[in-house]
Every structure is written in structure tokens, then in C-alpha cells.
Amino acid sequence: MGNAFASCMSGKQHRGAALASRSKRMGSARTPRGGAAKLTPAEEEMLHRQALAMAIHQHLDAGGSMSRRIDAGGASMSRRIGPGNTSSRRHGGLPDSVTNAKTVQVVLENLETKKIVLVHGEGFGAWCWYKTISLLEEAGLDPVALDLAGSGIDHTDANSIATLEEYSKPLIDYLSELPENEKVVLVGHSCGGASVSYALEHCPEKISKAVFLTATMVKDSQKPFDVFSEELASADVFLQESQFLLYGNGKDKPPTGLRFDKQQIKGLYFNQSPSKDIALAAVSMRPIPLAPIMEKLALTAERYGTVRRYFIQTLDDHMLSPDAQEKLVRENPPDGIFKIKGGDHCPFFSKPQSLHKILVEIAQIQAPATLLPGKAISEEVEENAEKS
């Protein structure tokens with residue numbers, strides 16, 4: 001979200017410094033990769049119509065679950081490193097992308113849980129996980145994608161969401177209703193990391209592991225927005241100067257949401273994603289409720305700190321830069337770090353096979369024999385992707 005927020009700066013700042021900063025990171029992100037010809041208006045309209053039809057089909061699926069099966073072509077290699085080693089070579093140390101990688105083998109009887117709960121990021125919904133759901137189901141796992149309040153097909157008005165508790169309620173309700181001894185692997189994307197952290201604090205006994213996918217993994221007393229404060233100076237400046245804020249309670253009241261500029265998010269979120277997925281997002285993304293990302297999280301070692309955390313970095317991310325991601329894991333070290341080469345901010349679109357492989361590996365990491373209260377156990381497991 002860092003550059004997306006930067007694009008909200010008004011006047012000369014918006015046209016000058018913010019765009020200059022964004023252009024450094026994006027390069028020619030607005031131009032299709034490989035110099036491909038720009039789509040004609042008729043072709044763009046056709047893509048949008050196809051995406052809308054796909055979205056409607058998915059939204060009508062039983063229980064809102066995105067279980068549509070597809071053939072997810074292509075895969076990239078990934079590499080996991082141990083906690084604290086966040087200054088690794090960002091590109092040179094990783095193998096090139098490959099296609100038609102072997103299927104990841106899952107030993108189901110060794111899993112702590114087969115249930116993987118997928119939490120979307122800002123503006124997205126359960127629909128964004130459709131490739132991931134298909135792959136996990138084929139591997140014999142039990143994925144569940146949820147719509148947070150005001151997202152996807154949830155009818156809550158984003159402008160009415162005043163707290164992170166309200167925004168995360170569908171997730172907390174789901175976890176609270178699980179059978180007594182059942183746990184899940186919880187995966188959060190982008191600002192969905194705030195809801196994952198909130199769930200770790202309030203329902204740690206229901207969560208086996210937490211995975212932050214290029215997500216806001218903040219410390220105690222931090223706001224999700226703090227992740228982007230270096231690029232935006234401060235929340236106060238942002239709230240005063242942003243052009244794209246929504247005022248659901250009137251202009252004389254604090255802003256309540258943030259809307260998207262669809263042309264800008266193309267290069268920020270989806271610089272490596274297929275055009276049909278970009279079109280799907282264009283007709284499905286909704287405004288962001290502002291209050292949850294401006295709220296400080298209260299996280300304790302006794303609850304939040306007892307659940308193992310893993311972070312997945314995307315190395316071609318134009319939204320949350322690799323440097324920002326490395327700062328997150330340096331300041332709040334997880335139990336393991338994975339990196340995806342060639343993945344943009346939405347690897348569930350751009351690198352579904354790589355993301356799937358990492359999620360399966362994390363699901364198969366065994367719990368330590370003893371876990372001291374308030375202390376997470378670190379694990380370092382060699383990545384075998386190069387042999388696939």
C-alpha cells in the first residue's frame with residue numbers, strides 16, 4: 001500500500017515528488033511487459049466482460065467459497081531463509097523461474113491441520129484466492145477464504161467500519177465457531193496482516209501457524225499505516241492531503257475510506273499478473289475502510305507471541321517494496337522467511353504455483369515438542385525447490 005498511498009498525495013506533491021518516487025520503483029510498470037502492444041478499447045471491454053462474468057459466477061458459488069478449479073500454469077522457484085537473515089541477495093541468490101514444476105507432495109497424516117484460512121488484503125475479497133483454493137484442494141487440504149467486513153460480497157458499508165475489531169469480525173466469528181480442538185493455518189495478504197495479528201491476539205488457541213504474505217506484520221502499539229510512514233511522512237499529513245479519501249459521514253467529519261485509482265493500481269499491485277486477473281480485480285475491488293489501518297494494535301507475548309509466524313516476501317513488489325518487507329521482518333522477526341522471485345504484490349495471481357508450494361511447506365512444518373509460553377520457536381528448513 002505504500003506507493004498506493006503515495007499516489008494519493010495532492011497538488012504539486014502528487015505530480016512531483018510522489019510520482020518521482022513511484023517511477024523509480026515502477027520503472028515502466030504502466031507499459032505491458034516485453035513491449036506488448038496496448039489493448040484496443042474493444043479488447044479491454046471484452047476482458048472486463050469476461051472478468052465480470054467470472055466474478056458473478058464465483059460470487060454465486062455455494063457459501064461464497066471460491067472453489068472454481070483452473071489449470072494454474074507456470075511456477076517460480078522460492079527460497080526460505082532463517083529468521084534474522086533478511087539482507088540476502090534479493091535477485092541474484094535465487095534461481096530463475098521455471099514452468100511445469102512437479103506437484104508438491106503432501107503427507108496428510110503428518111499435518112497439524114488441513115484447514116487453511118485465507119484472509120484478503122485491502123480492497124480485495126475471498127474471490128482473489130480462487131487459484132490458491134483450487135491448488136490447495138487438489139493437494140488434499142481444506143482451504144477457506146473469507147470476506148472481511150465491507151469486502152467481497154459482504155454488504156457492510158466500508159464507510160461505517162470504525163475499528164479493526166469491526167473489520168475483522170467475520171474472521172473472529174469463524175475462528176470462535178471452530179470445534180474445541182480444531183486449529184487452522186491463518187494466511188493474511190497485505191493489510192489483511194492486521195486482521196491476522198488481531199486474530200493471533202484474540203484467538204491464539206485456534207491458530208496453528210500464521211503466514212504473512214507481503215503483509216503488514218506490525219509490532220505492539222504500531223498501526224498498519226506505520227509500515228508506510230517513511231514514504232508518507234505521517235498519518236496526519238496523509239489525511240490532510242490525500243485526494244482519494246472518502247467522507248462517508250460528511251466533509252466536516254474525519255475521512256472514512258479510500259477509493260482506488262484503477263490505472264495506478266495496475267502497476268502497483270499487478271505488475272506481473274495476467275491481464276484477465278487484473279480485469280477481474282478491476283470489477284471486484286471495493287473501497288478500503290480507513291479506520292482499521294489507522295488503529296494501533298495491542299499485541300502481547302502471552303497470546304500473539306505463542307503462535308509461530310512466517311513471512312512470504314515478493315521480490316518484484318511495487319506496492320510494498322522489498323526493502324519495506326525486509327524492515328518488517330527485521331523489526332518483528334518471524335519463525336521463517338520465504339521469498340518469491342518474479343512475484344508482484346498479488347502472487348495468488350502472478351505466481352500461484354510458487355505460493356502454493358510455500359503454503360504446503362509451511363503447513364507441513366511440525367510443532368516443536370515443547371513450546372515455552374511467550375516464546376516462539378524458530379525453524380530453518382532447507383528449500384528443495386531447485387530439485388523440483
(message) On a heavy-atom basis, which atom in T314 and which in P347 lie closest, and how many Å separate them?
(response) CG2-CG, 3.8 Å
(message) Would you say that L355 contacts I312 through its side chain, given a criterion of any heavy-atom pair below 4.5 Å between the two side chains?
(response) yes
(message) Check the orientation of H189 and F124. Use parallel for under 30°, tilted for 30 to 60°, and perpendicular for over 60°.
(response) perpendicular
(message) Walk me through whether V187 and V117 qualify under side-chain contact (heavy atoms from CB on, under 4.5 Å).
(response) CA-CA 6 Å; V187 182; V117 176; over 6 Å; no
(request) Could you note down all residue pairs passing salt bridge (charged side-chain N to carboxylate O under 4.0 Å, His left out) where residues 204-218 supplies at least one of them, sequence neighbours left out? (result) E112-K209, E205-R303
(message) Are V144 and V184 packed together at the side-chain level, in the sense that at least one heavy-atom pair is separated by less than 4.5 angstrom?
(response) no
(request) Indicate yes or no for a side-chain donor-acceptor contact from S151 to the backbone of D147 under 3.5 Å, with no hydrogens or angles considered. (result) no
(message) Using a 3.5 Å distance criterion without hydrogens, assess whether the side chain of E331 forms a donor-acceptor pair with backbone atoms of V329.
(response) no
(request) Please step through salt bridge (Lys or Arg N to Asp or Glu O under 4.0 Å) for the pair D142 and K115, ending with a clear verdict. (result) CA-CA 5 Å; D142 183 13; K115 192 173 291 294; 2.6 Å; yes
(request) Could you tell me which residues satisfy side chain to side chain contact (heavy atoms under 4.5 Å, CB included) with K296, sequence neighbours excluded, listed by chain and number? (result) K223
(message) With clusters defined by side-chain heavy atoms of hydrophobic residues (ILVMFWY) lying less than 4.5 Å apart, directly or transitively, does I288 cluster with L246?
(response) no
(message) Quick one: does any side-chain atom of E166 pair with a main-chain N or O of A162 as donor and acceptor, under 3.5 Å?
(response) yes
(request) Indicate the atoms forming the closest heavy-atom contact of M217 with N332, along with that distance. (result) CE-O, 3.2 Å
(message) Whether D277 and K131 form a salt bridge (side-chain N of Lys/Arg under 4.0 Å from carboxylate O of Asp/Glu) is what I want to check.
(response) yes
(request) Determine, for K339 against E326, whether the closest basic-nitrogen to carboxylate-oxygen distance falls under 4.0 angstrom. (result) yes
(message) Let me check something: do L200 and L299 share a hydrophobic cluster, defined by ILVMFWY side-chain heavy atoms less than 4.5 Å apart, either directly or through other members?
(response) yes
(request) Evaluate the side-chain contact (heavy atoms from CB on, under 4.5 Å) criterion for residues I365 and Y310: first the C-alpha distance (whole Å), next the side-chain angles of each, then the deciding distance (0.1 Å), finally the verdict. (result) CA-CA 11 Å; I365 296 174; Y310 300 87; 3.7 Å; yes
(request) Starting from the C-alpha separation in whole Å, work towards a yes-or-no answer on side chain to side chain donor-acceptor pair (under 3.5 Å) for T156 and D154. (result) CA-CA 6 Å; T156 306; D154 183 275; 2.6 Å; yes
(request) Would you indicate whether the side-chain heavy atoms of M285 and I265 approach each other to under 4.5 Å? (result) yes
(message) Checking S160 against D157: is there a side-chain donor and acceptor pair closer than 3.5 Å?
(response) no
(request) Report the distance from atom CZ of F212 to atom CZ of F311, rounding to the nearest 0.5 Å. (result) 8.5 Å
(request) Enter the distance from L111:CG to L141:CG here, rounded to the nearest 0.5 Å. (result) 6.0 Å
(message) So E302 and T306, do their side chains get closer than 4.5 Å, heavy atoms only?
(response) no
(message) Side chains of Q313 and T214 only: does a donor on one sit below 3.5 Å from an acceptor on the other?
(response) no
(request) Could you check if a side-chain atom of L297 sits within less than 4.5 angstrom of a side-chain atom of P224, using non-hydrogen atoms only? (result) yes
(message) side-chain contact (heavy atoms from CB on, under 4.5 Å), that's the test. Do R309 and Y304 meet it? Break it down for me.
(response) CA-CA 10 Å; R309 291 176 290 113; Y304 171 88; 3.3 Å; yes
(message) Has S197 got a side-chain atom pairing as donor or acceptor with G193's backbone, closer than 3.5 angstrom?
(response) yes
(request) Report yes if some heavy atom in the side chain of F270 is under 4.5 Å from a heavy atom in the side chain of S350; otherwise report no. (result) no
(message) Quick one, I207 with L175, criterion side-chain contact (heavy atoms from CB on, under 4.5 Å). Give me CA distance, side-chain angles, the key distance, then yes/no.
(response) CA-CA 8 Å; I207 304 166; L175 294 174; 4.3 Å; yes
(message) Does any part of the side chain of I172, heavy atoms only, come nearer than 4.5 Å to the side chain of C203, both counted from C-beta?
(response) yes
(message) Checking the side chain of T113 only, and the main-chain atoms of K183 only, is there a donor and an acceptor separated by less than 3.5 Å?
(response) yes
(request) Look only at the side chain of R308 and the backbone of V211, and say whether a donor-acceptor pair between them is shorter than 3.5 Å. (result) no
(request) Using a 4.5 Å cut-off on heavy atoms from C-beta on, say whether the side chain of L146 contacts that of L118. (result) no
(request) Indicate yes or no for a side-chain donor-acceptor contact from S273 to the backbone of I278 under 3.5 Å, with no hydrogens or angles considered. (result) no
(message) Using only atom types and a distance under 3.5 Å, with no angle test, would you say the side chain of N271 pairs donor to acceptor with the backbone of D344?
(response) no
(message) Nearest 0.5 Å, please: how far is CG in D323 from CZ in R330?
(response) 8.5 Å
(message) To the nearest 0.5 Å, what is the distance between CG on L315 and CD on Q272?
(response) 11.0 Å
(message) So, taking the atom named NZ in K169 and the one named OH in Y174, what distance separates them when rounded to the nearest 0.5 Å?
(response) 15.5 Å
(message) Under 3.5 Å, is there a donor on one side chain and an acceptor on the other for S190 and H345?
(response) yes
(request) Determine whether the side chains of E122 and Y269 contain a donor N or O and an acceptor N or O closer than 3.5 Å. (result) yes
(request) Would you check if the side chain of R286 reaches a backbone N or O of G152 as a donor-acceptor pair within less than 3.5 Å? (result) yes
(message) On a heavy-atom basis, which atom in D252 and which in N249 lie closest, and how many Å separate them?
(response) OD1-O, 4.1 Å
(request) Mark yes or no for whether H356, through its side chain, and P352, through its backbone, hold a donor-acceptor pair below 3.5 Å. (result) no
(message) Looking at every heavy atom in both L171 and A199, which two are closest together, and how far apart are they?
(response) CD2-CB, 3.9 Å
(request) Locate the shortest heavy-atom distance separating A149 from P170; write the atom from each residue and the value. (result) N-CG, 3.7 Å
(message) I need the minimum non-hydrogen distance between V119 and S195, along with the two atoms involved.
(response) CG1-CB, 4.4 Å
(request) Starting at CG of L135, measure out to CH2 of W129 and round the result to the nearest 0.5 Å. (result) 12.5 Å
